[in-house]
Student: 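A single structure is presented below for examination.
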Number of protein chains: 2
Amino acid sequence: MTLTPGARRILDVASVLFYEHGIHAVGVDTIAAESGVTKRTLYDRFGSKDALVADYLRARDERWRAHVVAAVEAESDPVRRALAPFAALEDWVAEGAGRGCAFVNAFAELDRPDHPGRAVIHDEKRWLRALFATELAGAGVADAPGLALQLLVLHEGALVTHAVAAEPAALRAAGDAARLLVDAARA
Amino acid sequence: MTLTPGARRILDVASVLFYEHGIHAVGVDTIAAESGVTKRTLYDRFGSKDALVADYLRARDERWRAHVVAAVEAESDPVRRALAPFAALEDWVAEGAGRGCAFVNAFAELDRPDHPGRAVIHDEKRWLRALFATELAGAGVADAPGLALQLLVLHEGALVTHAVAAEPAALRAAGDAARLLVDAARA
DNA sequence: CCTCCACTACACTGATCTGTGAAGCCCGAC
DNA sequence: GTCGGGCTTCACAGATCAGTGTAGTGGAGG
């Protein structure tokens, strides 16, 4: 899994360009040129654009999960742990996620269900829902899976609304709503 | 605003193809061929692909607003009116919106802020939030604009989660959460 | 009859797309 | 000193991209 220096640069450049401009809008020639690498190297390392796209999503997924897990682990109070992903979202956006959720955006562009990136997208959402469910169960919520789905909906909506509606207050609003739902479920 | 027969067909075909496969993935040649029209006609009627994309979004926006307004007007109870867009979402999805929110998807592909479609997308989200705010105020909610933003987040999240996470229960979960938030705000 | 217009036919531009083939260079490891 | 691998160079394939120019057809309305 260790990438060669060239492959590392390609993946880094591709990640920025895919996220910022969309997948179809960025050609492999651009990625290669911007990485200071020939197109030959790109294909020798990744095999195809589709595979590179999947690797882009995998790499972003890894970073995102680490970010969320760190935010959860930093809390000890069960309720605060369950709501930590909403706090994590605020840092994440502040660090440059102004174009919304990369996975939602990729889903919009990858219409073929068998595209290698689709599985990564699907897994990312399932993972977050499962994390919510685990933490909610730990917080003594009765229907943890059901509430987890509601928190996932709020979470997705927060990032999307923040970007698409250009509404910075969406993140805080989602976090507040999530807290109210959790409190109601524990009462 | 009345379209010629050819233009009508082009717009109908483009709407399906753009929504189902994405904007960049569908070429004008395909749209023209599928409409049983020459590319010349397409350009004579719409001027450019960007303009056609904007018209696609405008047309979908119109249908969507009419659908939501009908759902709201069908209710008399103030709370049910405010929550009507969530019910409307279920019909909408059942009628074939399996690829998520067309506006969110388009946002993912249109990276240029000056693209003519971007204004349509932005307006659609602002409109729905304003509708929520109006109905919530009518239902006697104190901070109607604030709660309207939360309902918008739930609404966006519902459609996205339904499609991206392949989770049909997301719609109902969002509606339930919305009702709980509204009830809490009226207590 | 004549004019307008929606539309066809079709050839073409120039750019860009993903992906490949063949040759060779440099450097570290064995 | 030889071998492998990370990488370059560059030419090229074949398709598809958005968009245009020119000429002509057929029908509806004045």
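A, B, ... follow the sequence lines: proteins, then strands. Residue 1 opens every chain. No hydrogens, no waters, no symmetry mates; every other heavy atom, side chains included, goes into these values. In this text, all values refer to a predicted model and were calculated from it rather than measured experimentally.
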Student: Among C/dC7, C/dG19, D/dA18, which nucleotide has an atom closest to any side-chain atom of B/D29?
Tutor: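 Output: D/dA18.
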Student: Given C/dC7, C/dG19, D/dC17, identify the nucleotide with an atom nearest to the side chain of B/P5.
Tutor: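 Of C/dC7, C/dG19, D/dC17, C/dC7 is nearest to the side chain of B/P5.
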Student: With respect to the side chain of A/Y43, which nucleotide from C/dG19, D/dG19, D/dA18 is positioned closest?
Tutor: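 The answer is C/dG19, which lies nearest to the side chain.
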Student: Just checking B/H155 against B/W64, ring centres under 6.0 Å apart?
Tutor: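 Yes, ring centres under 6.0 Å apart.
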Student: Could you please spell out the steps behind the salt bridge (Lys or Arg N to Asp or Glu O under 4.0 Å) verdict for A/R60 and A/E124?
Tutor: CA-CA 10 Å; A/R60 195 175 178 100; A/E124 193 262 339; over 6 Å; no
Student: CD1 of B/I23 versus P of D/dA18: gap in Å, rounded?
Tutor: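 Distance, rounded to whole Å: 12 Å.
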Student: Look at the side chain of B/T38 and decide which nucleotide, out of D/dC7, C/dT18, C/dA9, has an atom nearest to it.
Tutor: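 Given the options D/dC7, C/dT18, C/dA9, the side chain of B/T38 is closest to C/dA9.
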Student: Under 4.0 Å, counting only non-hydrogen atoms across every strand here, what does B/T4 touch: a base, just sugar-phosphate, or nothing?
Tutor: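 The residue B/T4 makes sugar-phosphate contact but no base contact.
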Student: Between the base of C/dG19 and the side chain of A/K39, is there any donor-acceptor pair under 3.5 Å?
Tutor: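 Under the 3.5 Å cut-off, the side chain and the base do form a donor-acceptor pair.
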Student: Under the 6.0 Å and 45° cation-pi test, does B/R99 pair with A/F107?
Tutor: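 So B/R99 does make the cation-pi contact.
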Student: Write down the distance between NZ (A/K49) and P (D/dT16), rounded to a whole number of angstrom.
Tutor: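 The distance from NZ of A/K49 to P of D/dT16 comes to 16 Å, rounded to the nearest Å.
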Student: Rounding to an integer number of Å, can you tell me how far A/D50 CG sits from C/dG19 C1'?
Tutor: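 Taking CG of A/D50 and C1' of C/dG19, I get 12 Å after rounding.
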Student: Judged by each residue's nearest nucleotide on DNA chain C, which is more toward the 5′ side, B/A7 or A/V26?
Tutor: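 Nearest nucleotide further toward 5': that of B/A7.
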Student: Of the listed nucleotides (D/dG21, D/dG19, D/dC10), which one gets closest to any side-chain atom of B/R40?
Tutor: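 Minimum distance to the B/R40 side chain belongs to D/dG21.
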Student: Starting at atom CG of B/D44, determine the distance to atom C1' of D/dA18, rounded to an integer number of angstrom.
Tutor: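 From B/D44 CG to D/dA18 C1': 15 Å.
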Student: Assess the residue pair B/T41 and B/R45 against the criterion (side chain to side chain contact (heavy atoms under 4.5 Å, CB included)); give the C-alpha distance rounded to whole Å, side-chain angles, the decisive distance to 0.1 Å, and a yes or no.
Tutor: CA-CA 6 Å; B/T41 301; B/R45 298 292 149 254; 4.2 Å; yes
Student: Any non-hydrogen side-chain atom of A/F103 less than 4.5 Å from a side-chain atom of A/D61?
Tutor: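 Yes; the side chains approach each other to less than 4.5 Å.
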Student: Nearest whole Å is fine: how far is C/dC5 C1' from B/R45 CZ?
Tutor: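 Taking CZ of B/R45 and C1' of C/dC5, I get 8 Å after rounding.
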Student: Whole Å only: how far is the CZ atom of B/R9 from the P atom of C/dA6?
Tutor: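 Computing the B/R9:CZ to C/dA6:P distance gives 14 Å.
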Student: Could you state the atom-to-atom distance from CG of A/L52 to P of C/dT18 in whole Å?
Tutor: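 It is 10 Å, rounded to the nearest whole Å.
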Student: Roughly, in whole Å, what's the span from NE2 in B/H115 to P in D/dA18?
Tutor: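 After rounding, the reported distance stands at 12 Å.
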